[in-house]
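Computed over heavy atoms, backbone and side chain alike; hydrogens, waters and symmetry mates excluded.
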Amino acid sequence: MVRRALSGSLAIALLSLACSRDATELPVAPSPIGSLNVEDIATSASTAGASGLLHSESAPVSRGGPRITVGGNTTVINGGTLAVAINADAPFNAVYMFIGGRTMGVVGEFGGGIVGHYEMRLPGAQSTASVLLTFPQQIPLSQFDLQFAVANTAGAVGPYSSLTANVTEVGTGDVQVTLSWDADSDVDLHVVAPGNEEIYYARREVPSGGTLDLDSNAGCNLDHVRNENITWPLGRAPRGHYIVRVDYWSSCNVARTEFSVRVNNSGAVQLATGSFTGAGDRGGEGSGQTMLTFDRTTGPAAITMEALSPSPSWLWKKPSTR
């Protein structure tokens, strides 16, 4: 990414302007850094089952609408998802989101820095909402700010509230399956591939090339990443039927965990969300709740796990090591 250097006088002028105005009254017009659009960072935004509308113009200015707090994971992965919880002090029926790039300097921080915004219309007025974002398999920034505001039924937009997201790079390929969750619990992603190859924390790589390359909060040893990723390299994902399961290994003493799952099967995308309560099951092979299934009609023939039994030691990591 090319960064444009600001002259000293221009930077000072922008800083003065930013400091002289209330943050809730700042315009959210795109900055002169026009090389990125909002869909380059977040490929979609949805809430209450409704897809967000993508607009190329600036997000609306705050004018006395409901105030909100936002919460969610502060780590995202390329090709993954993020659920953002919004809580307001008054009912609202519209959500707006734009993105600012913290790494883009003064202009990016103050004016938005990335062109466009999403608008999400709710079926009725409510005081809480969950926004589900999806991200491309290549994210051009390592860190960015998600800016949210809501509007009441009269159209008054409230002040914007920010959630900073940090990007962790993971593998992509013919098939990419991702899991994201919102609390410091241990949630596990399992994918059963054709031939009954099951990839999960205790079998992170299988002969067909499928790999679990990110395992978070394992055994409640908290790293706060709260994402997992399973992928097959280009040309390696076998043809046949796939099952995606999510297992609540342990709550790690949190009351509730919300999660989202995404499948990218050579460009065919599926999404699912869910929640867990309770202590967790400390599950291993075969555990978890089925969230999605999909099929591939192309690719190499499946390799059965039975044909490889006993599995080579490099394919297996005993669950007890968790």
- Message: Among N73, T81, D182, exactly one meets side chain to side chain donor-acceptor pair (under 3.5 Å) together with S260. Which residue is that?
- Response: T81

- Task: Please answer: with hydrophobic residues joined when any side-chain heavy atoms are less than 4.5 Å apart, are L122 and M120 in the same cluster?
- Result: yes

Heavy-atom check, side chain of [X] versus side chain of [Y], under 4.5 Å:
{"X": "N227", "Y": "L179", "value": "no"}
{"X": "V187", "Y": "W249", "value": "no"}
{"X": "S62", "Y": "Y160", "value": "yes"}
{"X": "Y242", "Y": "P238", "value": "yes"}
{"X": "T298", "Y": "R239", "value": "no"}
{"X": "T172", "Y": "N229", "value": "no"}
{"X": "T164", "Y": "T74", "value": "no"}
{"X": "I99", "Y": "L146", "value": "yes"}

- Query: When you look at D188 and Y200, which way does the side chain to side chain contact (heavy atoms under 4.5 Å, CB included) test go after all the steps?
  - Reply: CA-CA 7 Å; D188 287 325; Y200 69 112; 5.9 Å; no

- Applying side chain to side chain contact (heavy atoms under 4.5 Å, CB included), run through L141 and V167 and close with a yes or a no. CA-CA 8 Å; L141 296 176; V167 178; 5.8 Å; no

Check for a donor-acceptor pair, side chain of [X] on one end and backbone N or O of [Y] on the other, with a separation under 3.5 Å.
{"X": "N217", "Y": "S185", "answer": "yes"}
{"X": "N37", "Y": "E39", "answer": "no"}
{"X": "D174", "Y": "G235", "answer": "yes"}
{"X": "R256", "Y": "S275", "answer": "no"}
{"X": "D186", "Y": "S250", "answer": "no"}
{"X": "R226", "Y": "T75", "answer": "no"}
{"X": "S161", "Y": "P159", "answer": "no"}
{"X": "D145", "Y": "Q147", "answer": "no"}
{"X": "D247", "Y": "L189", "answer": "no"}
{"X": "N78", "Y": "V170", "answer": "yes"}

Spacing of [atom1] belonging to [X] relative to [atom2] belonging to [Y], to within rounding of 0.5 Å:
{"X": "I230", "Y": "H190", "atom1": "CD1", "atom2": "NE2", "answer": "8.0 Å"}
{"X": "S35", "Y": "I114", "atom1": "OG", "atom2": "CD1", "answer": "8.5 Å"}
{"X": "F259", "Y": "M291", "atom1": "CZ", "atom2": "CE", "answer": "4.0 Å"}
{"X": "F148", "Y": "T69", "atom1": "CZ", "atom2": "OG1", "answer": "12.0 Å"}
{"X": "E258", "Y": "F276", "atom1": "CD", "atom2": "CZ", "answer": "10.5 Å"}
{"X": "L163", "Y": "F144", "atom1": "CG", "atom2": "CZ", "answer": "9.0 Å"}

- Which is it for Y118 and V131 under the side chain to side chain contact (heavy atoms under 4.5 Å, CB included) test, yes or no, and what are the steps along the way? CA-CA 11 Å; Y118 285 103; V131 173; over 6 Å; no

- What residue among T178, L82, I77 forms side-chain contact (heavy atoms from CB on, under 4.5 Å) with F135? L82

- Modelled atom types, side-chain donor and acceptor of R296 and S266, under 3.5 Å: yes

- Item | Distance-only polar pair, side chains of T43 and T134, donor-acceptor under 3.5 Å | yes

- Query: Taking NZ, NE, NH1 and NH2 as the nitrogens, is one of them in R203 or E285 under 4.0 Å from a carboxylate oxygen of the other?
  - Reply: yes

- Query: Can you check whether H117 and F98 have ring centres sitting under 6.0 Å from each other?
  - Reply: no

- Report the C-alpha separation of Q137 and N264 in whole Å, then their side-chain angles, then the decisive distance to 0.1 Å, and conclude whether the side chain to side chain contact (heavy atoms under 4.5 Å, CB included) test is met. CA-CA 9 Å; Q137 290 187 318; N264 189 331; 3.6 Å; yes

